[in-house]
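One structure below.
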Amino acid sequence: MCGLRLHGSIVQGIATETPARYPCGPKSPGASMHSKPARVRVAPSPTGDPHVGTAYMSLFDRALADKTGGKFVLRIEDTDRTRYVADSEQKIFEALAWLGLSPDEGPGVGGEYGPYRQSERLPLYKEAADKLCAAGKAYKCFCTAERLATLRKIQQAEKASRFGYDGLCRGLSAEEAAAKEAAGEEYVVRLKMPREGEIETRDLFRGVLKFDAADQQDAVMLKSDGFPTYHLAMAVDDNAMKITHVIRAEEWLPSTPLHFVLYEALGYELPVFAHMPLLRNKDKSKISKRKNPTSLLWYRDAGFLPEALRNFLSLMGFSMPNDQEIFTYEEFLREFELEKVNTGAPIFDLQKLHWLNGEYMRALPPDELEKRLVEYAKLLMHREKEFADLPEDQLPTEQFLREFEVKRRVRSRTLGQLAPELMTSYETNPKLLAPIIPLIRERMHTLSEAADYLPMFFTNRFEYTPDDFVQKKGTLEDAKKSLAAMRAIVDAADFNDPEAAIRQLDEASRAKSEEMGMKLGSFLGPVRMAITGSKVSPPLMESMLVLGKEETLKRMDNAIKFLG
RNA sequence: GGCCCCUUCAUCUAAUGGUUAGGAUACGGCCCUUUCAAGGCCGCGAUACGGGUUCGAGUCCCGUAGGGGUCACCA
């Protein structure tokens, strides 16, 4: 159950002989749609940390590709040189691999439709733009950025119903345009949108969507630096890469009329457009890093398991039969149908992910969890201050998120510091963690929470105060008595037989606390503080066994001495 | 503001036009208990509103309201 392996072979055999059908409306009878292998893509731009929305799209892309025996393509949309971030591409690969959503084709992977970076495909876009101009379907626009800015300002001031480019250069004669170009004036290429009538588009979930042509504007295809805009690049590449389904976020819906016109102008066959709902902040606005962690690296650093995050993401907009909420990718795939996705806007609820992650951790075989913990410690080791923290000045205001992040920072650093020692000890004694795992795993929801329980097994230098030993309704004297009594019990126990020892410790402490007229909890409180340095800890007797008799006695003596 | 999309518990969601509107998270309570958890049981809690169509509407239609997205030489 641990593996949750991806893109398994179970998808084979699902394909049928039914010919592919163009979807004909919302919830169209669709099973047969999957008969033809789908080619899908995710197209992030390398402008920062890999985004949770990218993972969300990738999940459904991956699923459709796997379900139909198709291919999932990663394309890097690096056409904006001003926003380019050098290492972000690498991080995207890493994040997708971490989530088990690696592409079949893409930079570094290869594939027969490469290159998969748009910056390496510039001639293609130029060619397409030239073709459009030559056919009179696009034109060169020499308007300056200043003019456009002024135009926008006026439109805003006038509260115009229509914003956007006014089409000034559309009226330029060929001679005028040639003259400007010859004079060295910079220009962009704009697509000629129809001026009247309706533009009919189609969305897999929503069916036919009509837009008034008069509301459209002549969008830029090619920028003055020779790079394409998203619109042109997308059309050219999706066509060249034989993409069959464009699964993208709903924010693209308003530009679909432009895309339909563009596809027609280029003479391309239209893919299926499926606009997925936007992931939301708690206040329903589209997910943003000011209000929510959006970096996939944050989730990794916070100790979420990739399979849990993936499961959680699949819950956003999709639901399994029989109310099943926890499922493997294979199970998901078995039930997956793209047209079953909801279009309602789901709020990304970290609290539920937190719960789900806990479920996953507990479902992992102990040795697998151990492996994950060690990997996680390695990940945080030598990190110094390079944690994927949310920016200091913009902690989310939402309570659970904020509290989690505050604690997580401390935990990440605690584990990062503990990591070298942990790794060394682990290497010399590979059996070190095995007995600890069962004690801590049902207390954790994320790997980072190991920071709350693990350190006591590696250090006995605690920063407690005498007050920490005093129990509710008890005195310091009571605490000292408990410690003395328990020390004797521990001393008398035979640690060589763990099971017997625990029984012995348990029975003796019960008897003693009763004899002393104390509740067991109060009796053990000071002991817990002495042994673990905390009021909250894994089960006490089991912890003692892990520590060994000598260490246990030493800690009790330390505390007794400390209290005087 | 124009255009577009969306609307079942606080949140994620289920419900061939016929259910006491189901499940999960969160929250509250009880049980278990050695602290904290985990687990078990119970509880709280929704069809945005108004009109139609229909014997019957969460489900179909129209309107209203609310929310969101978008209107860049960013994607």
Side-chain angles (χ1 to χ4, degrees), chain A residues 43-45 47 77-80 82-83 141 143-145 148-149 152 155-156 158-165 186-190 203 205-206 209-212 214-217 219-225 227-231 233-234 248-257 275 277-278 280 282-286 312 315-326 342-349 351-356 358-359 362 400 440-445 449 452-453 506 509-510 513 519-525 527-529 532 534-542:
Chain A
S45 51
T47 53
E77 307 233 335
D78 55 348
T79 54
D80 184 351
T82 61
R83 295 205 306 160
C141 166
C143 292
T144 61
L148 296 176
R152 213 168 4 249
Q155 287 168 341
Q156 269 159 11
E158 288 177 347
K159 296 194 173 167
S161 63
R162 251 197 82 201
F163 287 62
Y165 184 58
E186 286 201 332
Y187 64 88
V188 300
V189 174
R190 287 182 189 271
D203 172 86
F205 306 121
R206 301 167 182 83
L209 260 24
K210 291 176 181 170
F211 295 82
D212 197 338
D215 293 327
Q216 302 297 319
Q217 51 183 307
V220 173
M221 297 289 110
L222 210 59
K223 305 182 230 179
S224 56
D225 63 3
F227 277 66
T229 58
Y230 166 82
H231 309 293
M234 172 220 62
R248 53 161 39 162
E250 192 184 347
E251 59 189 325
W252 291 108
L253 213 41
S255 52
T256 45
H275 292 93
L278 246 13
R280 309 294 179 139
K282 211 142 204 170
D283 65 3
K284 295 184 192 290
S285 57
K286 85 171 168 184
F312 180 71
L315 250 19
M316 307 273 89
F318 188 83
S319 61
M320 297 284 274
N322 306 324
D323 295 320
Q324 191 182 357
E325 292 205 282
I326 302 178
N342 294 118
T343 46
I347 289 170
F348 191 98
D349 182 3
Q351 208 164 359
K352 184 153 184 176
L353 172 60
H354 190 249
W355 161 78
L356 187 64
E359 294 292 314
R362 264 167 260 118
F400 180 83
I440 65 174
R441 69 172 191 163
E442 61 209 36
R443 274 149 252 273
M444 301 197 298
H445 298 87
E449 285 159 50
D452 299 348
Y453 305 108
D506 188 58
S509 51
R510 273 172 209 284
S513 68
K519 280 193 172 173
L520 186 58
S522 306
F523 176 71
L524 292 176
V527 182
R528 185 183 308 283
M529 185 56 68
T532 71
S534 170
K535 288 175 182 171
V536 175
S537 81
L540 195 49
M541 313 310 177
E542 285 82 347

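Order of the sequence lines fixes the chain letters, A, B, ..., with proteins taken first and strands second; residue numbering starts at 1 for each chain.
- Applying the Watson-Crick and G-U wobble criteria (two distances, each under 3.5 Å), B:rG1 pairs with B:rC71.
- On the C1' atoms, B:rU64 is 34 Å away from B:rA72, given to the nearest whole Å.
- Regarding contacts with the backbone of B:rC73, every side-chain N or O of A:Ser224 stays at 4.0 angstrom or more from both OP1 and OP2.
- Side-chain atoms of A:Asp323 come within donor-acceptor range of the base of B:rG22, with a qualifying N/O pair under 3.5 Å.
- Note on A:Arg190: a side-chain N or O is less than 4.0 Å away from OP1 or OP2 of B:rC73.
- Residue A:Asn342 places none of its side-chain N or O atoms closer than 4.0 Å to OP1 or OP2 of B:rU8.
- The base of B:rU34 lies outside donor-acceptor range of the side chain of A:Arg510, with no N or O pair under 3.5 Å.
- Here A:Lys223 reaches the OP1 or OP2 of B:rC74: one of its side-chain N or O atoms lies under 4.0 Å away.
- The phosphate of B:rA75 has OP1 or OP2 within less than 4.0 Å of a side-chain N or O from A:Thr79.
- Using cut-offs of 30° and 60° on the angle between ring planes, the pair A:Trp252 and A:His231 is perpendicular.
- Taking atom CH2 on A:Trp355 and atom P on B:rU25, their separation rounds to 5 Å, with Å as the unit.
- The side chain of A:His445 places an N or O atom within less than 4.0 Å of a non-bridging phosphate oxygen (OP1 or OP2) of B:rA38.
- Going from the C1' atom of B:rG39 to that of B:rC32 covers 8 Å, rounded to whole Å.
- Side-chain atoms of A:Lys352 stay outside donor-acceptor range of the base of B:rA26, with no qualifying N/O pair under 3.5 Å.
- Of the possible donor and acceptor atoms, none in the side chain of A:Thr47 sits under 3.5 Å from a partner among the backbone N and O of A:Arg83.
- Between A:His445 and A:His354, the ring planes are parallel. Angles under 30° get that label, and only those over 60° would be called perpendicular.
- Pairing for B:rG58 is absent, judged as Watson-Crick or G-U wobble with the two contacts each under 3.5 Å.
- For CD of A:Glu542, the number of neighbouring non-hydrogen atoms (other residues, nucleotides, ligands) closer than 6.0 Å is greater than 12.
- Checking the phosphate oxygens (OP1, OP2) of B:rC6, no side-chain nitrogen or oxygen of A:Lys284 falls inside 4.0 Å.
- Taking the P atoms as reference points, B:rG52 lies 28 Å from B:rA10, given to the whole Å.
- Straight-line distance from the CD atom of A:Gln351 to the P atom of B:rU13: 16 Å, rounded to whole Å.
- Straight-line distance between the P atoms of B:rC30 and B:rC49: roughly 35 Å, to the nearest whole Å.
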